[in-house]
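Every heavy atom of this structure was used, including side-chain atoms; hydrogens, water molecules and symmetry mates were not. Sequence positions, counted from 1, serve as the residue numbers for this chain.
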Amino acid sequence: MTTISVQGLGKRFGSSTAVRDVTLEVPSGAFVVLLGPSGCGKTTVLRMLAGLEEPSSGVVRFGDRVVADGDRGHSVPAEKRGLGMVFQSYALWPHMTVRQNVDWPLAVAGWSRSQRSARVSEVLQSLEIDHLADRPPAQISGGQQQRVAIARTIAPRPEVVLFDEPLSNLDARLRVETRAELGRVHRASGATSVYVTHDQIEALALATHIAVMKEGSVEQFGTPTELLERPETAFVASFMGNPPAVLLSGHVARGALVHAGVPIARVPAGVPALHAMYRPEEVALDGEGALPFDVVESTPSAGAHLVTGHIGGGAGTGARVTVVSRTQAEPGSATRLRLPDEPVAFFGADGERLRAGS
Ligand SMILES: Nc1ncnc2c1ncn2[C@@H]1O[C@H](COP(=O)(O)OP(=O)(O)OP(=O)(O)O)[C@@H](O)[C@H]1O
């Protein structure tokens, strides 16, 4: 097991910057998910950890070992970093059986025959594919093939395992199943893992820590609970959670934040608030509420309803939000929203959380 330390990591492609000043301290044995919208730089960070891309600036350390230093032009080749990788496409060797596929990296690493045999059986069992050991990849399903690829990666006990959207080619049911296996395998192996996805459900299911990325930078790095309970930026608040926080933007007039023409929250003097954040379960559908609300969609979920709609009035300046309601709402109907007296947090023009209101 090893820590991963990333300091000031940057990557430029020609004149465009894909990754800027990323700093992360990953504890030994952690499962870190790099999460963010398409094009935010997740894969580029992962590729720099892997040694498939050289950083333009910054340093990557595995434990005490510097594996890449962009400022000095130093990069340890991928095969010398002691890591395993699982990709979206699971290129298994078609002419080998499942067992031979998993055995191969152990043979290359010089393990003895008896060690290999014991380790392959152990890994196949842990991923529940031992009954497929003698089949070639063409005779097993896509989900099973991905499990073989995972087995092959973790068999040599790498200290670091990197995953690049490994579940995105699987159907919904298999994705959930394989995700659970991955979590179990990680807990059993203890390898420090970094996992790229844009799917926050996947991130929340697997991660001990999440780095939310936007436009090449890390917006916030923390445990899933920290990100959900205490987002440090408006972007994190609007991105995390299912549904995400209700984030209402406005301008301050006479000591209140005004959204869609309605004063919604008292703003302490001197606080340059631009957005107010509310938890979706604390915003109620209520005919007496302050904000007019046009219902677009209502979905039953775990004993409640996820109701999405537009805040009306104010000439279309209202936001599209989703609230968790105990009562159902008819799509196409008009009702009103009642907000709590105080928002959970205010965010400023730069998106950063402001002290007061937090
Ligand atoms: N080899 C490359 N040459 C030029 N630009 C690149 C290269 N690789 C990535 N980029 C650019 O860098 C930015 C970050 O890309 P990256 O693939 O890291 O994002 P991502 O968050 O992983 O996206 P996705 O979820 O779509 O895979 C994008 O603007 C992308 O177009």
Side-chain angles (χ1 to χ4, degrees), residues 2 31 42-44 46-53 62 67 75-197 202 206:
T2 185
F31 197 112
K42 310 177 290 289
T43 304
T44 305
L46 195 81
R47 288 173 59 81
M48 289 192 278
L49 297 182
L52 300 173
E53 205 78 77
F62 289 175
V67 294
S75 182
V76 174
E79 65 278 9
K80 300 227 168 91
R81 292 195 181 191
L83 49 79
M85 279 182 268
V86 183
F87 295 101
Q88 193 170 332
S89 55
Y90 28 79
L92 299 174
W93 289 290
H95 58 287
M96 292 185 186
T97 63
V98 165
R99 185 189 305 281
Q100 287 166 337
N101 263 281
V102 178
D103 181 62
W104 178 252
L106 304 182
V108 170
W111 291 41
S112 74
R113 189 173 289 273
S114 64
Q115 281 177 322
R116 277 157 49 194
S117 162
R119 179 63 180 154
V120 171
S121 299
E122 182 184 32
V123 173
L124 293 182
Q125 272 169 24
S126 81
L127 282 150
E128 295 178 7
I129 45 175
D130 41 328
H131 59 294
L132 307 172
D134 296 319
R135 294 205 204 160
Q139 289 176 22
I140 61 177
S141 72
Q144 290 165 337
Q145 288 184 34
Q146 186 57 301
R147 286 181 194 210
V148 177
I150 294 165
R152 186 178 61 180
T153 302
I154 63 167
R157 301 189 200 280
E159 293 204 317
V160 171
V161 182
L162 306 177
F163 299 90
D164 191 3
E165 307 226 19
L167 307 182
S168 56
N169 282 345
L170 306 181
D171 69 36
R173 190 179 58 81
L174 265 177
R175 203 177 307 167
V176 172
E177 266 180 43
T178 315
R179 188 172 83 196
E181 298 293 339
L182 265 182
R184 219 163 42 71
V185 165
H186 169 255
R187 287 189 292 277
S189 76
T192 309
S193 303
V194 182
Y195 186 104
V196 163
T197 184
E202 212 164 285
L206 286 166

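Sorted by first then second residue, the ring pair (Phe, Tyr, Trp, His ring centres under 6.0 Å) pairs that include residues 108-159, not counting sequence neighbours, number zero.
Of the charged side-chain nitrogens involved, at least one lies within less than 4.0 Å of a carboxylate oxygen, so that E181 and R147 count as a salt-bridged pair. Salt bridge R184/E177: absent, no basic N to carboxylate O contact under 4.0 Å.
Residues S168 and E165 come closest through the heavy atom pair OG-O, 3.1 Å. Scanning all heavy atoms of the two residues, the minimum distance from I129 to A151 falls at CD1-CB, 4.3 Å. Nearest heavy-atom pair, V185 versus S126, reported as atom, atom and distance to 0.1 Å: CG2-OG, 4.3 Å. Taking every heavy atom of both residues into account, T197 and K42 meet most closely at O-CD, 3.4 Å. Across all their heavy atoms, T153 and M85 have their closest contact at OG1-O, 3.1 Å. Taking both residues in full, the closest heavy atoms of A155 and V123 are given as CA-CG2, 4.0 Å, listed atom of the first, atom of the second, then distance.
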Could you walk me through whether R179 and L167 pass side-chain contact (heavy atoms from CB on, under 4.5 Å), step by step? CA-CA 8 Å; R179 188 172 83 196; L167 307 182; 3.8 Å; yes
Evaluate the criterion side-chain contact (heavy atoms from CB on, under 4.5 Å) for residue pair D164 and V86; output intermediate values, then yes/no. CA-CA 6 Å; D164 191 3; V86 183; over 6 Å; no
Are V160 and R81 close enough, and set up right, to give a side-chain contact (heavy atoms from CB on, under 4.5 Å), and what steps lead you there? CA-CA 9 Å; V160 171; R81 292 195 181 191; over 6 Å; no
side-chain contact (heavy atoms from CB on, under 4.5 Å) assessment of E159 paired with L83: CA-CA 6 Å; E159 293 204 317; L83 49 79; over 6 Å; no
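Looking at residues two or more places apart in sequence or on another chain, you find a salt bridge (charged side-chain N to carboxylate O under 4.0 Å, His left out) between D103 and R116. Scanning for ring-ring contact (aromatic ring centres under 6.0 Å, His included) contacts around F31 gives F163, H186, Y195, with sequence neighbours left out.
In this structure, CD in Q125 is found 8.0 Å from CD in E122, a value given to the nearest 0.5 Å. Note that CG of L206 is 9.5 Å distant from OG of S193, once rounded to the nearest 0.5 Å. If you take CD on Q145 and CG on L132, they are separated by 10.5 Å, rounding to the nearest 0.5 Å. Atom-to-atom distance recorded for I150:CD1 and T178:OG1 is 6.5 Å, nearest 0.5 angstrom. Rounding to the nearest 0.5 Å places CG of D134 at 11.0 Å from CD of Q139. For the atom pair NE2 (H95) and CD (Q100), the distance works out to 8.0 Å, reported to the nearest 0.5 Å.
Residues W104 and R152 fail the side-chain proximity criterion, which asks for heavy atoms closer than 4.5 Å. Within the 4.5 Å cutoff, side-chain heavy atoms of R99 are placed close to those of S121.
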